[in-house]
Amino acid sequence: MDFEEFVDERVLVSHDTFGKKEMKIKVVEVSDENTPSKWKFGDRVKVNKILVTIKHLETQEVEEGEFDIQEIERELKEKRHYTSTNRWVPTNDIKNGYITSSRHTSLISDAAALDYITF
């Protein structure tokens with residue numbers, strides 16, 4: 001492994017408020033849609049599907065679930081007439097196929113609003 005490819009695991013993992021769970025998000029599918037305003041926001045990709053892995057630290061139990069963010073966003077627009085997801089992720093925030101923890105909340109916000117995920 002080259003030094004440029006090395007990613008500290010702590011950058012990829014986010015924790016819940018009580019420190020009892022860890023979450024990691026892997027990119028499963030991205031859209032081929034072109035980035036609007038590339039000059040303003042830089043290189044970004046639109047994420048369609050993610051794999052969320054949650055580890056319960058007290059019991060070491062691991063849960064995994066695949067989420068179609070595009071479909072969840074559509075469902076939330078129909079049911080609640082709004083959406084909060086920003087599926088455009090800067091390419092710098094994707095490391096070895098995983099999303100950095102700073103982007104976790106924006107990717108799972110609609111799924112949390114529909115109670116598909118609690119974290």
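Heavy atoms only: backbone and side chains are in, while hydrogens, waters and symmetry mates are out.
- Placement of Leu57 and Met23 in two distinct hydrophobic clusters is found when ILVMFWY residues are connected by side-chain heavy-atom separations under 4.5 Å, directly or transitively.
- Expressed to the nearest 0.5 Å, how far CD of Glu22 lies from CD1 of Ile54 amounts to 11.0 Å.
- Remark: the backbone N or O of Glu73 is not paired with any side-chain donor or acceptor of Arg87 at under 3.5 angstrom.
- Residue Ile72 holds its CD1 atom at 11.0 Å from NZ of Lys49, rounded to the nearest 0.5 Å.
- Here the shortest heavy-atom pairing between Val28 and Leu51 reads CG2-N, 3.6 Å.
- The salt bridge (Lys or Arg N to Asp or Glu O under 4.0 Å) pairs that include a residue from residues 55-66 are Lys20-Glu58, where partners are two or more places apart or lie in different chains.
- To the nearest 0.5 Å, atoms CZ (Arg44) and CD1 (Ile94) are separated by 11.5 Å.
- The side chain to side chain contact (heavy atoms under 4.5 Å, CB included) check on Thr105 picks up nothing, with sequence neighbours excluded.
- Linking Ile, Leu, Val, Met, Phe, Trp and Tyr whenever their side-chain heavy atoms come within less than 4.5 Å leaves Val11 and Val27 in two separate clusters.
- In this structure, the side chains of Leu12 and Lys95 come closer than 4.5 Å at one or more pairs of heavy atoms.
- Separating the CD1 atom in Ile25 from the OG1 atom in Thr100 is a distance of 9.5 Å, to the nearest 0.5 Å.
- Taken from CD in Glu29 to CD1 in Ile50, the straight-line distance is 12.0 Å, to the nearest 0.5 Å.
- Contact check for Val62 versus Thr53: side-chain heavy atoms found under the 4.5 Å cut-off.
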Glu9 vs Tyr98, side chain to side chain contact (heavy atoms under 4.5 Å, CB included): CA-CA, chis, key distance, verdict: CA-CA 10 Å; Glu9 186 77 13; Tyr98 287 90; over 6 Å; no
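- Val13 and Ser101 make their closest contact through O-CB, 3.5 Å (heavy atoms, listed as atom of the first residue, atom of the second, distance).
- Atom CZ of Arg103 is separated from atom CD1 of Ile108 by 14.0 Å, given to the nearest 0.5 angstrom.
- A side chain to side chain donor-acceptor pair (under 3.5 Å) with Ser14 is found for exactly one of Lys21, His104, Lys24, namely His104.
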